[in-house]
Amino acid sequence: MKGYDPLAIESKWQKIWEERGVFKVERDVHKPKYYVLEMFPYPSGRIHMGHVRNYTLGDIVARVKRMKGYNVLHPMGWDAFGLPAENAALKQGIHPAKWTYSNIEYMKIQLKKLGFSYDWDREFATCDPEYYKFEQRFFIELYEKGLAYRSKSLVNWCESCQTVLANEQVEEGKCWRCGEVVTVKEMEGWFFKITQYAEELLEDLKKLDGYWPEKVILMQRNWIGKSEGAEINFYVPLIDKQITVFTTRPDTLFGVTFLALSPEHPLALEIAEATSLREKLLEFRERVRRERKKIEEELVEKEGFYLGAYALHPLTKEEIPLYTANFVLMEYGTGAIMGVPAHDQRDFEFAQKYRLPIKVVIKPETQELQPESMESAYEGSGVMVNSGEFTGLASEEGKRKIVEKLEALGLGKRKITYRLRDWGISRQRYWGCPIPMIYCERCGIVPERLENLPVILPLNAQIDSRGRSPLPELKEFVETTCPRCGGKGRRETDTFDTFVESSWYFARFTCPKDPQPLNKEDVAYWLPVDQYIGGIEHAILHLLYARFFTKALRDLGYLHIDEPFKRLLTQGMVIKETYKCPKHGWIYPEEVSSDGFCLKEGCGEKVLVGKPEKMSKSKCNVVDPDRLIEKYGADTVRLFVSFAAPPEKDLEWSDHGIEGAYRFLRRIYNLVAENADLLREVSFSEEEFKELTPPAKKLRRKLHQMVKKVHQDFEERMHFNTGIASIMEFINFLQDSLKELDLRDETNRKLLKEALEKTLLCLSPVCPHICEELWQRLGNESLIAQESFPQWSEELIKEETITLVIQVNGKVRDQIEVASGLAKEEALELVMQLPKIQKYLKNKTIKNVVFVPDKLINIVVD
RNA sequence: GCGGGAGUGGCGGAAUGGUAGACGCUCCGGACUUAGGAUCCGGUGGGGUUAUCCCCGUGGGGGUUCAAGUCCCCCCUCCCGCACCA
């Protein structure tokens, strides 16, 4: 008998699955559908452990749902545009397209080796014009609806990537991709009007409640950042114009002692010109821009200057000095604020610095505020004071009343403001989807005609050595005719942010070959995605964009759904401990001696063991999926990544752990292989299990308990680790029982066959190859991949006897085996006779007896 | 600063308010072996006694309850997200 040979088994079954088209799927209105999707990868070159984990989780879900009778859509493709391809081109002299496609080819082989049940017929790469032509079409349609527009604005610029970044793509002042410090620059570019959907994006988060991780919902809610307040107008006599401020605290209107405008505010410039402070303002503006994305350290100190003019308080008509200040953002609200030092900490700090008056208008319930002695602003609620006719009102009520008054006077109105900004999508990059717009001297900005799409990204471009996009230099691309007047036109040379491609790929997977962008019947049947699985790092970026795109495509008539992803699972990272040598920096585990010294170049320094961190090449703590598969096989790798931690938690890599997984599969393999000959011809039915010995009954009970537990954990809770644990537990039990089970007895053989088959069925979503092989060895001609999830019987699960725990005053004192279903009185009677218990009850009076049927009895004494 | 999450053996992790530590790893002991880093069997939270039992134990302190890892309040630590958003 040969031992477990994973590689032979795995390639054998992968081939059979492929030949028989087991995972191909078509729309079938007579079957319930299930769409499970994992975030598709960027083809960076090789699969990493994060992918393995992500796709294993998805594959388990897909296989379980298939076993439950669903028509399962489980596709895979490539998020193929992006900067790394250009960087590789620069470094290795390979064209981005060639680099990308050869990576795809290699990674596809890797995915296939892992035995994922994808319908590969649906595969596509987003850099294919057959994909992005529809994206261009969507863009033009959105443009025509006013949902895409071109505008000049301050943008985040990454010098190293030579491109602008959306707000969501700046993390702690640095580029999300390369970590370069982001600067602020004024540029023209294209935007999607995501803000038009701000309220809906916020409101619909409620629909995801309970289905998405709370954390993600919360992050999105914060990102959208709704705040309710008012816009209030202050008249500026000098220029005969109003300045509008946004505030969430209209109740503090009587506490205003200054107004502050963003240095970017157009009226700031206008006033400065009128007061001969133009130069000073421009200089200040420049400096603030430079300091805007502060680098690491704490906030830049508040700073500003008096603009030499005043505004009139809308209600008191007092003169309020006008300042410009670095902490007022042009992008939020109206770009101007009313300064209420007594009740806003920022205003307080600014007022202190420039010796502006502090006027208390809200009195807290418990204390008296004295402007001279205040050390910080009081930002809470309270009773209004010094506020004219509003004095004495509760601040909450005052908010309403003041806004009503301003509205009546035409000096203000209620206003809701969002932190979310429009999505800037222009990238000054080559390897992306061309933006299908044309600049005509006569007609201005004109979209390309739909029938001329796609605007194909020219592949004959020479990659610029300075890292700039070659597109603007490419005459045959740039020079074109205006689709409207036929005159000379210039093509837009910016390309889309690559997040645009991933904003609708899930929809295209339902009809990847359709001549229409989205086939009505296919999207109606398949969407939304029932289960989406990916990393938490996309909590905002990708998931927000995709939600927006879904709504926008709905409003264009392409989709019928409001939300793209019904359920979301965000899996944790794969982490591993790191090793650092004082001399050599990060080193590989192989470079550390068994007693912890650096072996590199005979170095001998003591190696520092770092805590587990996300796997990365630079920290030398990666493990290569290819090598693991080669050594243990895909099933072992899949088993380990789904067993070692629950999906949403970080998974700590363990060399010993994967050995354990391998050991378990070997045990199962040997167990079945040893008995296969004996069991091949055995058949069984429920009828034949009517009369069983107590140990046989117990075995079946454990089996059915296990099946139920696996079902709950795999299908409902998605806690694969505990489901697998219960399979292991059952196998342990089965092997123990086998010592006593005489297999010359036919019933026992039937029993064993049932146990093994059901176990294999349960394990098959996790380790499909070995289960397929052993299923066959047990004499089955069907594919386990096409079998149903095993049934269990609640009747069989019931225990005949249970362990009754006996407590005295809440402490466990004894336990006895009793028949299940025992009544309280009977139990008490039994328990009272136990010497151990009598010991504790001696000279005590029983005050209470708590009885939990089939669980415990607690005797309370004084 | 604001918001969120988490603290359970040597480790990863289990536990609808009902025997804390399932399952796996590590480690220890034993068996089989020329050998084992293979396989199998047994043990493995701490302390005390070992025939048996007993005490302590889920970051710390209170509380609710017959009963708390689980619910409530306060505190500590760590992780994550946002960060002048008016």
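Note that the coordinates shown come from a computational prediction; the quantities given were computed from them, not determined experimentally. Within every chain, numbering begins at 1; the chains are lettered A, B, ... in the order of the sequence lines, protein sequences first and strands thereafter.
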Could you work out which one of [options] sits closest to the side chain of [X]?
| X | options | value |
| --- | --- | --- |
| A:A645 | B:rG13, B:rU26, B:rA22 | B:rG13 |
| A:F327 | B:rA86, B:rG13, B:rU16 | B:rA86 |
| A:H656 | B:rC25, B:rC23, B:rU19 | B:rC25 |
| A:E652 | B:rC84, B:rG12, B:rC55 | B:rG12 |

Might you confirm whether atom [atom1] of [X] has over 12 heavy atoms from other residues, nucleotides or ligands at distances under 6.0 Å?
| X | atom1 | answer |
| --- | --- | --- |
| A:K631 | NZ | no |
| A:K698 | NZ | no |
| A:R414 | CZ | no |
| A:Y378 | OH | yes |
| A:E199 | CD | yes |

Would you kindly give the [atom1]-to-[atom2] distance between [X] and [N], to the nearest whole Å?
| X | N | atom1 | atom2 | result |
| --- | --- | --- | --- | --- |
| A:H719 | B:rG12 | NE2 | C1' | 15 Å |
| A:M728 | B:rA14 | CE | C1' | 13 Å |
| A:L329 | B:rA83 | CG | C1' | 11 Å |
| A:I802 | B:rG18 | CD1 | P | 15 Å |
| A:E349 | B:rA83 | CD | P | 18 Å |
| A:H538 | B:rG81 | NE2 | P | 14 Å |
| A:I224 | B:rG81 | CD1 | C1' | 15 Å |
| A:F733 | B:rC23 | CZ | P | 13 Å |

Who pairs with [X] by ring-ring contact (aromatic ring centres under 6.0 Å, His included), at least two apart in sequence or on another chain?
| X | result |
| --- | --- |
| A:W423 | A:F192, A:Y545 |
| A:F327 | A:F350 |
| A:F284 | A:F305 |

- Please determine if A:K708 and A:E794 form a salt bridge, counting it only when a charged side-chain N lies under 4.0 Å from a carboxylate O. yes
- Message: Looking at A:E729 and A:K702, is any side-chain nitrogen of the basic one under 4.0 Å from a carboxylate oxygen of the acidic one?
- Response: no
Contact class for [X] (heavy atom, under 4.0 Å): base, sugar-phosphate, or nothing?
| X | value |
| --- | --- |
| A:Y840 | sugar-phosphate |
| A:V812 | sugar-phosphate |
| A:D713 | nothing |
| A:G225 | nothing |
| A:S227 | sugar-phosphate |
| A:N721 | sugar-phosphate |
| A:V328 | base |
| A:E729 | sugar-phosphate |

Non-neighbouring partners of [X] that pass side-chain contact (heavy atoms from CB on, under 4.5 Å), sequence neighbours left out:
| X | answer |
| --- | --- |
| A:V623 | A:M49, A:K576, A:M615, A:L628, A:W653 |
| A:A336 | A:I243, A:V245, A:L261, A:H265, A:T334 |
| A:A725 | A:F643 |
| A:K824 | A:V849, A:F851 |

Please determine whether a side-chain nitrogen or oxygen atom of [X] lies at a distance below 4.0 Å from atom OP1 or OP2 of [N].
| X | N | result |
| --- | --- | --- |
| A:R813 | B:rA67 | no |
| A:K811 | B:rC56 | yes |
| A:R419 | B:rC82 | no |

Watson-Crick or G-U wobble partner of [N], both distances under 3.5 Å:
| N | result |
| --- | --- |
| B:rC71 | B:rG63 |
| B:rU16 | none |
| B:rC2 | B:rG81 |

Please list, for nucleotides 2-7 of chain B, all pairs of protein and nucleotide N/O atoms separated by less than 3.5 Å.
none

Please give the distance between the [atom1] atoms of [N] and [M] as a whole number of Å.
| N | M | atom1 | value |
| --- | --- | --- | --- |
| B:rC2 | B:rA83 | C1' | 8 Å |
| B:rG69 | B:rG13 | C1' | 14 Å |
| B:rG43 | B:rC25 | C1' | 16 Å |
| B:rU19 | B:rG10 | P | 22 Å |
| B:rU8 | B:rC78 | P | 14 Å |
| B:rC28 | B:rU44 | P | 16 Å |
| B:rC41 | B:rU50 | P | 32 Å |
| B:rU70 | B:rA31 | C1' | 43 Å |

Polar-atom pairs under 3.5 Å, protein N or O versus N or O of nucleotides 69-74 of chain B: list them with distances, or write none.
none

Polar atom pairs (N or O), protein with nucleotides 31-33 of chain B, under 3.5 Å:
none

- Considering all heavy atoms, the nearest A:I224-A:A198 contact: CG2-O, 3.9 Å
- Message: Are the side chains of A:E375 and A:F348 in contact, using a 4.5 Å heavy-atom criterion?
- Response: no
Distances under 3.5 Å between protein N/O atoms and the N/O atoms of nucleotides 64-66 of chain B, please, pair by pair.
from: B:rC66; atom 1: O2'; to: A:N858; atom 2: ND2; distance (Å): 3.2
from: B:rC66; atom 1: O2; to: A:N858; atom 2: ND2; distance (Å): 2.7

- Can B:rG9 be described as syn, meaning its chi torsion is within 90° of 0, or is it anti? syn
Identify each atom pair where a protein N or O and an N or O of nucleotides 39-46 of chain B are less than 3.5 Å apart, giving names and distance.
from: B:rU39; atom 1: OP1; to: A:R666; atom 2: NH2; distance (Å): 2.4

- Query: Just by modelled atom types, is the A:G229 backbone N or O under 3.5 Å from a matching donor or acceptor in the A:T248 side chain?
  - Reply: no
- Query: Got a second to check how far A:R421's CZ is from A:E331's CD, nearest 0.5 Å?
  - Reply: 5.0 Å
